[in-house]
Amino acid sequence: MIGVCYYPEHWPESRWAADAGAMAEFGITYVRIGEFAWSRYEPEPGVYDWDWLQRAIDTLAAAGLKVVLGTPTAGPPKWLTDLYPDILPVSADGKVLGHGARRHATVSSQNWLRESRRIVTAMAERFGDHPAVVGWQLDNEIGSDGTAWSYGPADLAAYRQWLRTRYQHIGALNEAWANVFWSMELRSFDEVGLPVGAVWETNPAARLDYWRFSSESLARYIAMQAEIVRAHAPGRFITSNFMSFFHDFDHFDMAKSLDFASWDSYPLGKVQHGPLRPEERARWHDTSHPDFSSFHHDLYRGLRNDRFWIMEHQPGPVNWATHNPVPAPGMVRLWSWEAMAHGCEVLAYFRWRQFPHAQEQMHAGLHRPDNILSPGGKEAKRFADELKALGPLPRPGKAPVALVFDYEAAWVTRIQPQGADFDYRRLVHLWYEAARRLGVDVDVVAPGVPLDGYAAVLVPSLPIVTDTADATFRTTGAHVLFGPRTGSKTRHFGIPETLPPGPLQDLLPIKIIEVASLPPDIGTPVDGGTMRHWREHIELQRPDLVVDRSFADGTPALVRHHRFSYLAGWAEPDLLRATMMDLFERAGIEIIDLPEHIRLRRLGHLQFAFNYGSEPWTIPVSATDPILGSRTVAPHDLSCWSTAASGS
Amino acid sequence: MIGVCYYPEHWPESRWAADAGAMAEFGITYVRIGEFAWSRYEPEPGVYDWDWLQRAIDTLAAAGLKVVLGTPTAGPPKWLTDLYPDILPVSADGKVLGHGARRHATVSSQNWLRESRRIVTAMAERFGDHPAVVGWQLDNEIGSDGTAWSYGPADLAAYRQWLRTRYQHIGALNEAWANVFWSMELRSFDEVGLPVGAVWETNPAARLDYWRFSSESLARYIAMQAEIVRAHAPGRFITSNFMSFFHDFDHFDMAKSLDFASWDSYPLGKVQHGPLRPEERARWHDTSHPDFSSFHHDLYRGLRNDRFWIMEHQPGPVNWATHNPVPAPGMVRLWSWEAMAHGCEVLAYFRWRQFPHAQEQMHAGLHRPDNILSPGGKEAKRFADELKALGPLPRPGKAPVALVFDYEAAWVTRIQPQGADFDYRRLVHLWYEAARRLGVDVDVVAPGVPLDGYAAVLVPSLPIVTDTADATFRTTGAHVLFGPRTGSKTRHFGIPETLPPGPLQDLLPIKIIEVASLPPDIGTPVDGGTMRHWREHIELQRPDLVVDRSFADGTPALVRHHRFSYLAGWAEPDLLRATMMDLFERAGIEIIDLPEHIRLRRLGHLQFAFNYGSEPWTIPVSATDPILGSRTVAPHDLSCWSTAASGS
Amino acid sequence: MIGVCYYPEHWPESRWAADAGAMAEFGITYVRIGEFAWSRYEPEPGVYDWDWLQRAIDTLAAAGLKVVLGTPTAGPPKWLTDLYPDILPVSADGKVLGHGARRHATVSSQNWLRESRRIVTAMAERFGDHPAVVGWQLDNEIGSDGTAWSYGPADLAAYRQWLRTRYQHIGALNEAWANVFWSMELRSFDEVGLPVGAVWETNPAARLDYWRFSSESLARYIAMQAEIVRAHAPGRFITSNFMSFFHDFDHFDMAKSLDFASWDSYPLGKVQHGPLRPEERARWHDTSHPDFSSFHHDLYRGLRNDRFWIMEHQPGPVNWATHNPVPAPGMVRLWSWEAMAHGCEVLAYFRWRQFPHAQEQMHAGLHRPDNILSPGGKEAKRFADELKALGPLPRPGKAPVALVFDYEAAWVTRIQPQGADFDYRRLVHLWYEAARRLGVDVDVVAPGVPLDGYAAVLVPSLPIVTDTADATFRTTGAHVLFGPRTGSKTRHFGIPETLPPGPLQDLLPIKIIEVASLPPDIGTPVDGGTMRHWREHIELQRPDLVVDRSFADGTPALVRHHRFSYLAGWAEPDLLRATMMDLFERAGIEIIDLPEHIRLRRLGHLQFAFNYGSEPWTIPVSATDPILGSRTVAPHDLSCWSTAASGS
């Protein structure tokens with residue numbers, strides 16, 4: 001179904017009814033509102049004004065629309081931070097970050113926690129049982145703009161308390177962090193400092209714990225909001241909207257408080273800021289990379305209950321990337337269908353009408369500021385009509401392949417890249433892309449999630465292998481490919497006593513005895529391809545290991561033991577592709593060799609093909625008459641047809 | 001006429017008379033002194049010592065020289081800022097900027113305003129009626145080194161006061177800035193914060209107002225000095241020296257206090273720091289770009305009363321650019337003549353003699369530290385002799401073409417570039433260059449200046465079109481070419497209700513319905529050339545519009561309605577050239593196709609040709625015997641001849 | 001002989017004896033310990049625990065090992081800086097740099113000086129007469145990570161005191177710094193500020209004095225430690241460990257307190273961070289540049305008593321460079337032998353065993369964390385065996401060529417580069433490389449060291465020529481080549497009255513009348529090669545000067561007067577090579593044309609050849625049967641043979 005983001009407070013009340021009517025006519029079911037209107041809810045401290053919001057909701061409801069209400073904690077008003085300055089976050093270099101944008105609050109502040117509870121409670125009390133308010137969005141893009149971390153006195157106090165709880169005794173902390181190194185030992189938790197602002201690099205174990213503390217603090221903050229809303233809004237769903245290529249906190253952990261995850265899909269902005277090389281950035285500048293959105297669909301679908309929404313979707317050029325192209329004609333519709341093909345339940349466009357003022361005035365909406373449908377709005381309308389015509393979509397089934405994604409992997413490799421260009425986002429992207437170029441659907445799962453039912457499992461990198469994760473590898477019947485740095489760290493950011501891959505050595509009896517990070521212009525040849533950035537030196541612990549690929553000097557690059565393989569470095573696309581073809585063949589997974597601009601996706605009995613390029617592509621298999629498009633998929637277009645054997 | 005900058009305080013008094021005599025002999029008429037000697041004027045708080053300056057002026061006067069006296073407010077002494085620390089400016093990231101260089105004062109400080117009035121009054125009282133002091137320079141390169149903006153408590157207080165005056169009620173400010181967005185609403189002017197240091201981008205409307213406030217504050221500061229000097233120095237001229245490619249405040253506004261503008265011309269330094277591509281930087285590294293100086297001559301001539309001086313001119317290598325080449329032999333003379341050809345009244349070299357100490361010790365002078373004429377000094381001497389031989393020059397007449405230059409355009413596009421490389425400096429440079437490569441003289445004018453008498457008007461970009469400016473377009477008989485983003489913003493940094501180009505839609509019935517900013521490696525083909533960086537999507541509002549050029553997809557790139565044309569993007573030189581050739585042809589302006597290193601300039605009956613390259617160039621028209629040079633203009637040389645029909 | 005760095009505090013006491021035994025068996029003689037264990041020496045303020053260190057030393061001694069004990073002042077414990085926060089250094093932008101890494105102390109703090117005296121005294125009292133403690137390392141990599149400079153209140157107070165002592169009267173300081181410029185004059189030493197944090201560039205004379213003050217402060221700090229240790233540890237040697245490409249303080253000055261210098265050799269890390277072009281960085285990424293280590297051997301050998309140790313040597317990949325490759329097989333052994341060939345007395349590897357925790361967990365050791373010899377450890381073992389077999393090595397004799405290296409040259413050109421890419425490190429590297437490519441051995445000497453006995457002297461750049469240095473040039477019989485900027489500054493950072501090269505004009509009657517710094521893509525042709533970055537314009541003062549090479553415009557590029565030559569710019573390798581060939585020929589120095597990957601080194605009667613490349617190289621002279629290797633030096637290998645005429 002289709003939704004839209006709407007800001008009644010931005011427009012004269014006299015326009016609300018007409019807007020609501022037009023939304024209904026457009027085919028919209030859900031309207032997200034309210035997440036940035038605190039200054040209107042509480043214009044003076046303690047003085048609430050909910051009536052206008054009531055009228056706005058009623059107006060939408062009168063047009064048959066359902067409302068998703070946002071808690072307004074992403075935008076505390078100026079009087080609040082003036083009243084309690086300790087709410088303001090502090091940057092790593094010690095600057096207090098002031099009012100004037102959004103997210104100017106640290107969840108370590110007791111004042112902030114109290115005020116958040118107060119406003120969320122007041123809102124939930126007022127609107128919890130409104131029949132048109134069918135769900136709640138907690139906060140908005142929590143953690144964005146670097147606010148997952150704050151480094152002020154309130155944060156330090158909360159961090160010390162967190163460490164006290166975790167380690168009980170300072171000796172345990174000194175031991176876990178190996179503080180004997182460089183004379184860093186502490187005599188009490190009161191001596192703990194923030195892991196920033198030192199002369200040189202601080203202890204990676206301390207940094208990892210700070211990131212864990214921060215991630216848990218954010219998750220607890222959302223859980224606190226969820227508890228309030230649940231108490232006052234029985235039967236309503238609770239979600240929060242996440243972002244792409246954003247790993248500053250553990251989303252799997254936070255999602256436990258939610259009924260499902262939502263995410264905000266801005267395909268073009270991320271081409272400028274995502275993990276691409278310059279020539280790729282140019283290649284995909286007005287279409288996005290074919291794997292960027294779909295990866296996040298698969299990731300966020302896996303976050304909670306196999307469900308997800310797009311809470312914000314790009315309808316045209318945006319305002320916040322270094323460059324903001326107009327999407328190539330067709331792409332807004334293509335992206336919309338692609339989301340559906342990956343199981344999106346509701347796709348909400350951001351926003352109904354471009355707001356011609358303030359920070360986001362250059363961000364397109366479904367309508368231009370003069371209330372005419374924008375070019376992207378027209379495509380969205382076509383999508384809405386097609387979607388309606390097609391009727392209810394099947395739910396997504398299990399993919400043949402699982403990719404294990406881990407937030408701690410992102411943290412460990414950022415805290416200690418060891419080579420400046422080791423970017424977990426890029427690594428995962430390359431692995432996902434390699435599988436998708438072979439026409440294979442992928443589920444993205446957290447480490448520790450049971451891997452039953454998958455034919456193959458991809459683990460691009462998993463430095464810290466927990467016991468739970470370890471158990472899933474031991475018990476799965478899938479063929480598993482592990483990537484570099486897997487098993488390379490203990491929980492306390494040390495190197496395992498038996499060397500990497502640590503606990504996996506039972507499955508893969510090897511030791512990584514040396515690692516090289518290499519300047520990006522140094523390619524290392526391997527049978528069938530190239531490694532770059534990172535190379536590991538493997539010592540085989542048993543004679544019966546299979547060496548599937550070797551480096552030019554004869555040392556092993558890809559080793560295998562039963563169903564488990566280990567790739568000893570950062571494989572470039574050529575090598576990844578060859579490696580995965582072998583893997584999928586062993587796993588009995590059917591593959592198809594796709595051009596770089598074509599992707600397939602199976603949704604139940606429906607088969608989709610998406611064309612991100614400017615060349616048409618003809619479906620090489622016999623298909624029933626397409627439901628959407630034709631056998632030759634036009635540029636920036638898609639086709640959809642029913643398969644003989646209907647899906648789950 | 002010729003001038004020079006001199007610092008008697010740097011040299012033993014015993015050398016002054018000899019220096020003065022040598023200046024007179026050199027052909028110098030004006031000597032600028034005194035703008036950095038506060039610590040000598042007032043060695044202890046309240047204790048003045050003017051006698052040495054009196055002797056210095058008398059010595060210069062005795063040699064027949066005229067003195068331009070500088071107020072010393074660019075360099076307050078250490079004791080002053082120690083006494084009143086709130087004088088020190090504060091950077092955007094909150095650092096107090098200390099003593100040790102220059103310009104360490106914010107004009108928001110009441111202490112600074114009082115102390116400035118005091119020292120300027122004392123100086124004007126003492127020297128206002130000195131017969132040799134014929135003019136005054138107020139301050140020095142005001143606003144340079146980022147000091148147009150300061151972000152301390154004094155600045156915030158002054159800003160709030162400025163907003164109170166401007167908006168009267170906080171509701172009006174909330175409305176103007178659309179503070180309802182992101183819950184930014186304020187309850188009183190006391191809640192207004194500085195538009196920096198937030199978690200994310202602050203409101204562009206607030207930033208624009210801060211820049212306006214800062215610009216007006218600087219202008220008021222100069223007006224305050226002007227008032228004092230006028231009161232004590234009747235009949236003396238008042239000027240101030242500006243810089244190139246510097247737009248941090250509105251020079252048109254500030255110039256209202258002055259009799260004429262001066263500017264400091266450093267052609268080579270700006271090749272390193274100006275809006276050029278790397279290959280252009282290399283190409284022109286020791287000659288400067290042929291349009292850099294002349295653009296600023298034309299800009300500053302237009303600032304006030306059609307007059308301008310060069311108060312400082314580069315005589316050799318300088319010290320402050322990333323690289324500091326020696327000018328190619330001939331260029332110091334060429335630049336000097338070029339200034340005259342553009343109407344410069346007095347060209348003053350910086351400085352008489354290289355000072356072998358402190359920050360500028362590597363900055364050449366007319367003389368080396370050992371008092372021998374430097375290579376550049378020898379060229380300046382030749383220029384002085386030639387100038388004297390030629391006799392009085394005609395005053396510049398009106399050019400056939402006006403280019404509308406706007407400081408708010410610079411601010412709007414810096415505050416909201418929308419594409420990271422949208423640089424108004426570069427855009428204006430390309431438009432000016434395109435006209436000048438066609439041999440056409442250009443006047444640079446402020447928006448709102450009557451455009452009568454021009455055959456063509458160029459408006460590279462004018463986001464905010466004031467009523468006054470709008471009126472000049474409506475009433476001019478000229479052919480007008482508008483560039484991208486013109487009319488795209490309201491006075492309060494919003495998008496016009498009718499979409500861009502807003503108020504110009506009467507003249508040009510189009511709407512810009514979408515804009516794309518594009519990575520620099522993406523070129524967009526247009527009939528006859530290329531666009532880059534920026535592309536706009538035009539919706540035609542009437543069927544009778546002429547589409548002169550189209551994009552490859554058939555949509556309009558250059559549209560025309562009567563005498564008004566609109567170019568829907570950032571045109572590269574090829575497209576600009578073609579577009580201007582058509583424009584000038586329609587306007588009846590004669591053009592000549594010049595090589596990239598040749599420029600022409602008409603001054604009354606005199607015609608100049610300048611050769612910035614290493615290849616000779618032969619004047620393609622029959623000319624009278626050149627007054628300077630020959631019909632074949634040698635590399636790094638110039639020619640000047642009288643035209644048949646004598647000028648204004 | 002061979003040493004190793006060991007951290008008993010990192011390992012259970014139960015492992016110490018086995019480790020000590022293994023060290024002895026490995027062939028190790030010296031063990032450096034203790035420099036980072038303050039938190040173990042003094043777990044509570046004033047409560048010492050030396051017993052564990054006693055046991056550790058006794059255990060090493062029992063295995064026949066000698067101990068070098070490090071004072072722990074690079075790592076003050078948290079309680080100490082909590083107790084005395086003024087100990088923490090302050091960055092140039094005003095941030096207090098906190099605990100959490102190392103070197104978090106400024107030697108300007110009186111608290112720090114007192115606490116340092118206390119801990120060093122306590123340690124020296126306890127272990128000064130331990131028979132196994134044969135030497136002391138003072139502090140560790142002093143000044144690293146930017147800590148040679150601190151900008152807090154304690155630093156300002158100490159700086160003002162230093163200036164008082166140096167200048168006596170504020171008038172003398174104003175005169176020396178030329179503070180009349182920009183109204184910077186001060187009325188008392190209490191008005192002196194830190195030379196950072198101003199609006200714009202501060203006075204270079206002030207900055208140079210701040211660097212001198214900081215350098216002297218560090219040297220005095222080390223001298224203070226040396227005095228304490230000498231008093232309590234009679235007969236033990238005293239050293240400190242320095243770094244490569246590190247010029248933040250004057251090492252010649254500091255070394256006066258030491259018996260010899262040590263340095264920490266990390267050949268690969270410096271390829272990423274040293275003065276190389278990108279293509280060179282790739283070329284040498286896993287071997288290091290052939291002149292990087294040997295230059296520093298020659299530099300630190302010249303620091304004190306013609307002796308030096310390597311206190312830390314890279315045994316494999318490290319953790320701190322942007323990229324950290326594994327050394328090409330053979331290189332650890334090659335680098336080890338190369339150090340010996342340059343006169344290293346003891347080479348200590350860092351460290352015995354990789355510590356799998358905290359900041360340096362990715363730094364290889366001789367052993368892997370699982371206590372197996374690492375690949376580099378195996379090469380070190382081979383080196384140890386070969387060294388033992390070869391017996392005592394001769395002491396290094398005087399080289400035919402001296403290169404004058406000056407820390408003030410590094411400071412002057414960093415403070416005032418004038419061209420952004422003027423890097424003294426690179427300039428010296430190019431000069432040293434040019435000589436070494438000609439097979440010539442080089443001594444690196446301080447300015448002012450007598451130059452008797454050298455056939456040629458290279459002075460890449462020496463802006464400030466002291467009287468002492470001047471005298472050595474006047475009295476040497478060597479052929480001397482001066483590079484750009486030599487003699488260009490007075491002691492107070494002014495330009496000499498007679499212009500550069502100032503005091504050298506007696507030897508070389510020229511004046512540098514203009515200098516150009518040039519963007520790196522501008523090459524300036526000269527007879528026989530190219531200049532880049534920097535070009536000087538020479539005025540000859542006498543007709544009998546020899547112009548050996550000229551620029552394309554005919555002006556002199558290399559001039560000679562008797563034995564003195566001056567090269568007027570930054571010569572690229574082609575021009576440097578040609579110039580040095582001529583110089584060495586005049587000086588009667590035998591040269592051999594080496595490929596870029598081959599280097600020779602004479603040590604007494606031994607001749608070494610080192611192959612940094614992947615192509616073999618055959619020694620072109622008849623040699624006795626090599627002692628090590630063969631006449632054809634294999635890739636990443638070395639050869640050593642005895643020469644007919646045995647050395648000193």
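Here is the naming used below: chain letters follow the sequence lines, and residue numbers restart at 1 for every chain. Since the structure is predicted, the reported quantities are computational estimates derived from the model, not experimental observations.
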So which of [options] has the largest heavy-atom pair count under 4.5 angstrom toward chain A?
options	result
C:G146, C:G100, C:P327	C:G100
C:V96, C:L88, C:T322, C:D93	C:T322
C:P375, C:P76, C:A37, C:S374	C:P375
C:R281, C:K95, C:E35	C:K95
C:A101, C:P43, C:S91, C:P89	C:A101
C:G376, C:A282, C:A364, C:A74	C:A282

Rounded to the nearest 0.5 Å, how far apart are CD1 of A:I522 and CG of C:D286?
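The CG atom of C:D286 is 7.5 Å from CD1 of A:I522, to the nearest 0.5 Å.
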Residues, nucleotides or ligands: over 12 heavy atoms within 6.0 Å of [X] [atom1]:
X	atom1	result
A:E175	CD	no
C:E279	CD	yes
C:H273	NE2	yes

Considering only heavy atoms and a distance below 4.5 Å, find which of [options] pairs most often with chain C.
options	answer
A:P417, A:A205, A:A516, A:P520	A:A516
A:T498, A:T490, A:V515, A:L186	A:V515
A:F422, A:W177, A:F493	A:F493
A:P204, A:A206, A:S188, A:P496	A:P204

Less than 4.5 Å to any heavy atom of chain C: does that hold for the side chain of [X], its backbone, both, or neither?
X	result
A:E191	both
A:D553	neither
A:L518	both
A:E539	side chain
A:P195	neither
A:H537	side chain
A:W200	both
A:D521	side chain

Please report the closest heavy-atom contact between [X] and [Y], naming both atoms and the distance.
X	Y	result
C:D370	A:E497	CB-O, 3.8 Å
C:A358	A:A178	CB-O, 4.2 Å
A:S183	C:S39	OG-N, 2.9 Å
C:R102	A:V199	O-CB, 3.4 Å
A:T202	C:Q359	C-NE2, 3.2 Å

Proximity breakdown for C:R40 and chain A, heavy-atom pairs closer than 4.5 Å:
both
Per-residue contact mode, C:H104 against chain A (heavy atom under 4.5 angstrom):
both
Using the ring of each side chain (for Trp, its six-membered ring), is A:F181 parallel, tilted or perpendicular to C:F355, with breaks at 30° and 60°?
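Parallel, since the angle between the ring planes stays under 30°.
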Could you tell me whether the side chain of A:Q418 and the main chain of C:V318 form a donor-acceptor pair under 3.5 Å?
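Yes: the side chain of A:Q418 pairs with the backbone of C:V318.
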Taking side chain as C-beta onward, heavy atoms only, is A:S488 less than 4.5 Å from C:M362?
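In short, these two side chains do not touch, never coming nearer than 4.5 Å.
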Mind checking whether A:E514 and C:P317 have side chains closer than 4.5 Å, heavy atoms only?
yes
Apply side chain to side chain contact (heavy atoms under 4.5 Å, CB included) to residues C:H357 and A:N203 and explain how you reach the verdict.
CA-CA 9 Å; C:H357 306 288; A:N203 196 326; over 6 Å; no
Could you give me the CA-CA distance, side-chain angles and deciding distance for A:M184 and C:K78, then say whether side chain to side chain contact (heavy atoms under 4.5 Å, CB included) is met?
CA-CA 7 Å; A:M184 294 183 296; C:K78 185 60 160 43; over 6 Å; no
Is there a donor in the side chain of A:D421 and an acceptor in the side chain of C:H323, or the other way round, less than 3.5 Å apart?
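Yes, because at least one side-chain N or O of A:D421 sits under 3.5 Å from a partner of the opposite role on C:H323.
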